[in-house]
Amino acid sequence: MVWVSLQIYLNIILFFIILEIRHGTGKGTRVLEATAPGDIIIGGIFPFHEDVDKENNSFAPHLKPCIRFQGSGLTKALAMINAIEVMNKSPLLADANITLGYRIADSCSDVSTALKATAQFTQQDPTNCDRGSSTSTCGQPVMAVIGASYSETSIAIARQLTLNMIPQISYSSTAVILSDKDRFPAFMRTIPNDKHQTAAMVSLLSTYGWNWVGIVTTDGNYGQSALDHFVSQASEKRICVAFKSILPQSVTSPDVSLAIIQTAKTIYKNPKVQVIVSFAKPTHMMYLYQELKNQMLKAGQRTESMRRVWVASDSWSSSSSVKGNLTLEDIGHVVGFTFKSGNLSSFSEYLSRLEAAGHDYTGNNSFMLEFYTQLNVSGDQELVSKAVNTLREHTHADTIFSVEMAVSAIAQAVASICRSRDCKTQGRVQPWEVLRALWMQEFQLREKRYKFDSRGDINLGYDVTMWRSDGGNIHVHDVVAEYHPHNNNCNHNYNTTQHLQDLKHIISKCSNSCVPGEFKKTAEGQHTCCYECINCTENYYSNNTDMDQCLSCDTNTEWSPEGSSTCIPKALLFFSWQDGFAVVLLSFSALGILLALLVSSLFLHQRDTPVVKAAGGPLSQAILFSLIISYISAMLFVGQPNSFQCKARQVLFGISFTLCVSCILVKTLQILLAFQFDPELQEVLRRLYQPYAIISICVALQATTCICWLVLKSPFNHTIMHPTTLLMDCHEGSYLAFGVMLGYIAVLAFVCFICAFKGRKLPQQYNEAKFITFSMLLYLISWLLFVPVYVTTSGVYLPAVEMVVILISNYGILSCHFFPKCYIILFRKEQNTKSAFRKNLYDYSSKTTDSVSVSGSSVLERQISAQNFTISASSLPAPAANPLKPAVVANCRETSCTSLHRGSITSHCLRRSTSI
């Protein structure tokens with residue numbers, strides 16, 4: 001019976017309180033309060049109710065009744081009450097000889113209601129206080145205000161409190177505009193502003209590569225500010241916003257239902273948007289989840305289809321009640337950003353005391369009375385415990401910590417002022433003095449010190465939480481990462497990051513990432529995150545994912561095929577020493593040098609024999625020396641070209657081969673003299689015939705050509721750029737000079753060929769004319785073939801073309817001029833004697849004279865004379881002071897002219913001998 005009577009009594013009291021609020025008008029109107037006396041009064045504004053009843057549209061000023069009581073607002077107010085009680089027991093206030101009191105009002109999540117409460121905070125006239133108000137606090141000025149919760153409310157009351165410079169410290173208002181001290185000089189907060197929270201969200205999205213996201217926010221200052229900063233920061237990280245759904249700020253607005261339905265449709269129609277960032281209120285999210293479920297079921301899909309990654313702002317990240325009748329498996333993943341939290345032991349002890357006190361605590365706290373009345377809590381201890389447990393469920397550690405910081409800051413600021421003055425007398429302390437102390441001083445809470453920054457904020461960063469399900473219950477306080485605004489980076493808590501592993505497999509992109517080797521091509525008018533991937537063209541590459549354009553390779557040294565992710569260094573090509581063809585040619589060059597040295601050694605050893613003398617004697621050594629140099633010049637065509645190599649190889653060949661052909665020319669001129677039958681002309685030619693001078697002049701002319709070539713436009717090494725290779729080559733500098741050099745040698749070779757061709761019928765055993773003819777013909781043919789091949793050929797093997805022609809020319813001379821002589825010296829030694837030489841000459845003369853008739857004796861005499869001269873001259877060492885020494889006379893005498901045929905032949909031999 002007592003319990004029933006008490007319950008009826010409480011309901012009657014609550015009825016009259018609500019009735020007074022509903023019908024109160026004008027200056028007599030007041031809101032519900034929780035009060036406590038003290039020397040310094042601190043105001044508190046908390047959202048005990050979620051909204052106000054907007055059905056009464058009276059033009060008369062009236063206070064709209066608050067509706068939809070919420071326990072989260074009550075826990076924040078209780079945190080403030082507990083913090084004040086703790087500070088009153090602390091030595092800090094005892095030393096200052098003051099106590100703190102409070103006046104806590106309900107904002108009802110409505111700006112107008114909050115402004116009315118703020119107006120009562122600033123009243124100092126006791127006559128304006130209602131009869132039921134506490135006489136200990138009514139009329140006392142409020143020195144500071146803690147609140148409000150929502151940014152829209154804080155902005156409104158901040159303007160009002162700024163008129164008297166009453167400091168205001170918010171525990172959860174995060175709008176960036178409140179950091180503007182020119183507009184809100186008395187506003188402070190124990191949390192960072194939204195600019196840091198949105199930066200933390202963008203950092204998280206960027207970390208997981210989510211660049212196609214949706215945004216759900218409200219149309220108030222908080223929602224718009226958060227939206228603007230998020231979009232701005234997201235664009236810097238190349239994150240695109242697929243859609244923006246803006247909900248009415250008031251959850252009881254008639255437009256809320258339509259906005260929720262439209263938002264759910266938008267989410268359903270954008271299946272690629274797997275990540276949604278929300279700055280909405282908890283009730284908004286609860287409605288949205290329920291509507292999403294309804295639309296999925298209506299479309300014949302399972303509720304799992306609504307699964308998304310929900311990035312929750314501080315406004316609802318700790319409110320697990322938003323799930324309604326859904327499970328976390330239906331909703332998906334919820335990653336929330338919460339403010340830094342502290343030790344809740346003090347507040348937990350306070351709730352335990354509250355549980356033990358029961359209804360005894362409701363005397364000065366009308367909000368507790370309403371809370372107990374809603375839950376039908378009477379004196380039954382079990383019901384009281386159930387009610388307190390409900391408060392524990394609505395306890396958010398970050399908000400409780402922020403409220404405690406605000407109380408500690410105000411308490412320590414007041415204590416610093418009251419140590420030097422009497423603060424018990426009303427009017428001795430002014431609000432602006434408290435504001436100044438808050439700005440100037442640090443304050444301490446649980447052995448840690450804090451200070452408001454230049455914008456009035458305390459920026460401790462954020463805890464990133466991950467909701468998880470445990471047997472149907474949702475736990476929202478699992479901290480998986482920490483965000484520190486000073487470095488704009490998420491620092492993971494590695495003890496719990498395993499909860500984030502599932503997020504790595506979630507893809508929220510408009511288009512698949514372009515892999516390296518591709519670039520993004522965005523169609524005009526589309527989001528930058530919606531694109532197609534195009535392969536990079538040749539000589540362009542992309543080495544990262546989702547590159548806007550391909551990078552260019554350095555085409556001087558690099559290349560890349562189509563769709564390449566890197567540049568490939570161009571292969572450096574030249575006629576390398578390791579090339580198989582080069583090895584063969586080098587082997588022939590080395591063999592040629594070796595053979596020339598062996599032949600030179602053999603000729604030096606056999607220098608007094610008729611064969612060596614017939615081969616030219618000292619001239620043969622000059623020819624062999626020139627061939628060695630020519631072989632060496634051929635070797636310079638192999639290997640990576642350099643400046644010296646390019647200049648040396650042509651010059652060495654040109655001069656050395658000119659020396660070789662000049663020596664051969666001297667030998668062929670001997671044949672020309674032998675065929676000159678006019679005695680007078682022959683005498684002139686004999687005097688002009690100077691072998692060393694001829695050789696020197698011929699070589700000097702070629703040397704002059706080469707020097708002019710080197711001085712005026714010398715050969716040089718250069719690089720020929722091909723699409724995928726770099727060809728190292730020697731440029732001849734002046735192709736005219738190159739042609740003159742080769743043409744000069746060709747002229748000398750042609751003269752040798754003509755002269756030698758006329759003497760091709762001399763005795764076979766010692767005849768040089770045929771071999772000279774053949775070698776010069778081989779040289780001329782090979783170089784005639786070289787010209788068109790050299791002009792039409794390009795690439796690595798172009799040097800090999802000239803190298804082959806040089807080797808052919810060298811081996812032609814070596815084979816034709818020296819190998820037959822070496823064969824006689826080594827294997828036909830009997831033919832390398834003077835007697836064999838005389839016999840050969842005799843046989844050739846006999847054969848010639850037998851074929852001539854007696855009537856033609858005079859003509860035959862001239863022919864034999866010329867032939868004998870040729871044979872004898874070719875058998876002498878050359879060059880000599882007089883290459884036409886009277887060897888024929890000696891030969892004629894030694895063979896005794898009388899042994900020859902009688903008649904004109906004998907008389908001719910005697911006459912020719914006398915003339916010589």
Side-chain angles (χ1 to χ4, degrees), residues 592 595-596 599 603 610-617 619-624 626-627 630 656-677 685 689 691 694-695 698 742-787 805-825 828 831 837 840-841 844 847-848 863 866-876 878-879 883:
L595 291 175
V599 171
F603 272 42
V611 171
V612 174
K613 291 180 179 180
L619 286 180
S620 62
Q621 295 296 328
I623 294 174
L624 290 170
S626 66
L627 290 178
S630 183
S656 62
F657 210 78
T658 300
L659 175 61
C660 176
V661 177
S662 299
C663 293
I664 297 173
L665 178 62
V666 168
K667 296 172 66 175
T668 57
L669 287 177
Q670 293 176 354
I671 300 173
L672 181 63
L673 289 175
F675 277 88
Q676 183 52 252
F677 302 127
L685 291 176
Y689 179 74
I694 293 173
I695 293 173
C698 291
L742 295 180
Y744 179 73
I745 299 176
V747 169
L748 294 180
F750 184 74
V751 173
C752 292
F753 170 76
I754 296 301
C755 294
F757 182 78
K758 291 184 178 182
R760 65 188 183 281
K761 295 183 178 180
L762 291 175
Q764 296 292 327
Q765 198 68 31
Y766 305 98
N767 187 7
E768 297 248 17
K770 288 185 177 181
F771 296 118
I772 293 175
T773 300
F774 182 77
S775 64
M776 292 300 102
L777 183 62
L778 183 64
Y779 169 82
L780 291 172
I781 292 174
S782 63
W783 282 96
L784 283 174
L785 294 176
F786 162 78
V787 173
V805 176
I806 292 174
L807 291 178
I808 292 174
S809 303
N810 291 350
Y811 272 103
I813 293 174
L814 194 63
S815 301
C816 296
H817 285 257
F818 297 100
F819 287 173
K821 306 293 187 298
C822 294
Y823 178 77
I824 294 174
I825 293 173
R828 294 289 187 268
Q831 296 179 9
F837 176 79
N840 182 59
L841 179 62
Y844 177 76
K847 186 186 298 183
T848 302
Q863 292 178 347
Q867 290 172 354
N868 287 341
F869 172 80
T870 303
I871 297 171
S872 60
S874 63
S875 66
L876 297 174

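By the 4.5 Å heavy-atom criterion applied to side chains, Tyr811 and Leu778 are not counted as neighbours. Looking at Met776 and Ile813, their side chains come closer than 4.5 Å, going by heavy atoms from C-beta outward. Between Leu595 and Leu627 there is no side-chain heavy-atom pair separated by less than 4.5 Å. Contact annotation: the side chain of Ser782 approaches that of Ser809 to within less than 4.5 Å [non-hydrogen atoms, C-beta and beyond]. Counting heavy atoms from C-beta on, the side chains of Ile694 and Ser662 never come closer than 4.5 Å. Residues Ile825 and Val612 have side chains in contact (heavy-atom distance under 4.5 Å, counting atoms from C-beta outward). Using a 4.5 Å cut-off on side-chain heavy atoms (C-beta onward), Ile772 and Cys816 make no contact. You'll find the side chain of Leu748 reaches within 4.5 Å of the side chain of Cys698, heavy atoms only.
Note: Leu807 CG to Leu814 CG = 11.5 Å, rounded to the nearest 0.5 Å. Atoms CG and SG, from Leu665 and Cys660 in turn, are 11.5 Å apart once rounded to the nearest 0.5 Å. Rounding to the nearest 0.5 Å gives a distance of 11.0 Å between OG of Ser626 and CD of Gln621. Rounding to the nearest 0.5 Å places OG of Ser620 at 10.0 Å from NZ of Lys821. Atom OG in Ser815 sits 11.5 Å away from atom CD1 in Ile808 (nearest 0.5 Å). For the atom pair Leu619 CG and Leu624 CG, the distance stands at 11.0 Å (nearest 0.5 Å).
Between Phe603 and Phe818, the gap from one ring centroid to the other is short of 6.0 Å.
Atom OH of Tyr744 has more than 12 neighbouring heavy atoms from other residues, nucleotides or ligands inside a 6.0 Å radius.
Taking the six-membered ring for Trp and thresholds of 30 and 60 degrees, Tyr779 and Trp783 have ring planes inclined between 30 and 60 degrees apart.
Here the closest heavy-atom approach between residue Ala749 and residue Val661 is recorded as N-CG1, 3.7 Å. The shortest non-hydrogen separation linking Leu659 to Ala622 is CD2-O, 4.1 Å.
A search for side chain to side chain contact (heavy atoms under 4.5 Å, CB included) contacts involving Ile781 returns Leu777, Leu785, not counting sequence neighbours.
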